[in-house]
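I have placed the structure first, in the form of structure tokens, so that the comments after it can refer back to it.
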Amino acid sequence: MEKSIKSPMARVALMACAVLLLESCGSTQETYVLTGRVISKQPATQQLIINNDDIPGFMAAMTMPYAVKDPAGFQQVQPADLIRADVVIEQPNQYHLEHLAVIGKSAAKSSPDGAAEHVLLIGDKAPDFPLVNQDGKTLRFSQFKGKVVLLTFIYTRCPFPDFCPLLSRQFAAIEKELAKNPEDYQKTHLISISLDPSYDKPPILRAYGLPYVDHDPKAFQHWDFVSTTPEDLQKLVASFGLEYSEENSQITHSMNTVLLAADGTVANMWPGNEWQTSEVVDAMRHATAPGK
């Protein structure tokens with residue numbers, strides 16, 4: 001016959017052990033150490049956009065947003081700070097930063113030719129390289145002064161549906177939403193920049209872009225698909241904080257969608273591909289509001 005546990009203290013101790021055992025069995029939390037450079041702060045969402053170094057066992061070096069559950073650390077760090085933090089993985093695709101610490105100030109990155117490259121921060125002026133669009137016309141960011149410009153980086157031969165094609169579908173949704181309001185449409189512009197300039201010549205860019213604008217060439221007046229020289233592309237991707245390389249015709253890159261204010265300065269950034277089109281459209285409309 002089993003003996004019952006009559007002692008209240010013994011029962012409490014047994015229950016405590018059971019709770020601890022269940023918690024330990026159900027916990028999947030992992031922690032990694034992150035080091036990297038803060039690109040910008042997003043106080044509204046308590047996020048930092050960070051150009052992080054390799055995190056062994058978790059992810060390669062890239063630029064992406066991180067939620068922060070460290071109010072004091074979030075207030076302390078500023079754009080251009082080099083930081084160390086714990087990345088806490090709660091479950092797949094859910095993670096946040098804790099225990100933030102500033103470990104230095106970042107220096108300019110170097111390009112392959114040894115020249116210093118400045119990674120743009122919020123408020124910085126965008127570089128003004130010549131870009132050739134789907135119609136063979138040369139464009140520059142400076143010609144859109146007075147308009148809010150949303151830009152991203154894609155290439156037409158990208159084989160991954162959740163990378164360049166997804167970004168183009170998101171831009172197509174933004175294009176349609178802005179077209180609903182003539183004033184929004186007039187004050188904004190979209191640009192998709194190719195990461196494959198040796199292949200993505202104007203006819204290729206035009207053929208690629210047409211399905212995303214419902215085969216209406218008039219839309220190219222508001223959304224340009226462009227390429228530039230390989231040398232200028234390297235400077236562009238470095239300026240906008242992308243990790244980019246090409247080897248044996250294989251292109252590897254991170255993703256960053258950038259909003260330029262009407263004065264040509266960086267107003268916002270959305271690294272990766274998990275941002276919502278409604279969020280970006282709201283930011284564009286806010287940037288076109290009087291006084292902005």
Under 3.5 Å, which donor-acceptor pairs do the side chains of residues 205-218 form with other protein atoms, sequence neighbours left out?
residue : atom : partner : partner atom : Å
Arg206  : NH1  : Asp135  : OD1          : 2.4
Tyr208  : OH   : Ser168  : OG           : 2.7
Asp216  : OD1  : Lys218  : N            : 3.1

| His253: what forms a ring-ring contact (aromatic ring centres under 6.0 Å, His included) with it, not counting sequence neighbours? | Tyr155
| field | Set of residues satisfying side-chain contact (heavy atoms from CB on, under 4.5 Å) with respect to Gln186, sequence neighbours excluded | value |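 By the side-chain contact (heavy atoms from CB on, under 4.5 Å) rule, Gln186 matches no residue at all.
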| message | Using side-chain heavy atoms (C-beta onward) and a distance below 4.5 Å, is Arg37 in contact with Leu121? | response |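 Yes; the side chains approach each other to less than 4.5 Å.
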Any side-chain donor near an acceptor of the partner, [X] and [Y], under 3.5 Å:
{"X": "Ser278", "Y": "Gln276", "result": "no"}
{"X": "His99", "Y": "Asp70", "result": "no"}
{"X": "Ser227", "Y": "Asp200", "result": "no"}

| said: Testing the basics here: between Leu151 and Phe153, what is the closest heavy-atom pair and its distance to 0.1 Å? | reply: CD1-CE1, 3.8 Å
| said: Quick one, Asp86 with Thr31, criterion side chain to side chain donor-acceptor pair (under 3.5 Å). Give me CA distance, side-chain angles, the key distance, then yes/no. | reply: CA-CA 6 Å; Asp86 289 339; Thr31 301; 6.0 Å; no
Atom pairs and distances, donor-acceptor, side-chain atoms in residues 254-263, under 3.5 Å, two or more places apart:
residue : atom : partner : partner atom : Å
Ser254  : OG   : Glu243  : N            : 2.8
Asn256  : ND2  : Phe240  : O            : 2.8
Thr257  : OG1  : Thr152  : OG1          : 3.0
Asp263  : OD1  : Thr265  : N            : 3.1
Asp263  : OD1  : Thr265  : OG1          : 2.7

| query | Charged N to carboxylate O under 4.0 angstrom, Arg169 versus Glu175? | reply | no
| Hey, is CD on Glu279 packed in by over 12 heavy atoms from elsewhere, all under 6.0 Å? | yes
| field | Pairs flagged by ring-ring contact (aromatic ring centres under 6.0 Å, His included) wherever residues 59-86 is involved - sequence neighbours left out | value | Tyr66-Tyr95
| query | Could you give all pairs that pass the salt bridge (Lys or Arg N to Asp or Glu O under 4.0 Å) test and reach residues 184-197, with sequence neighbours left out? | reply |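 Of all non-adjacent pairs touching residues 184-197, those that pass salt bridge (Lys or Arg N to Asp or Glu O under 4.0 Å) are Arg157-Asp196, Glu183-Lys187, Asp184-Arg285.
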| Would a hydrophobic clustering, with Ile, Leu, Val, Met, Phe, Trp and Tyr connected at side-chain separations under 4.5 Å, put Leu120 with Ile191? | yes
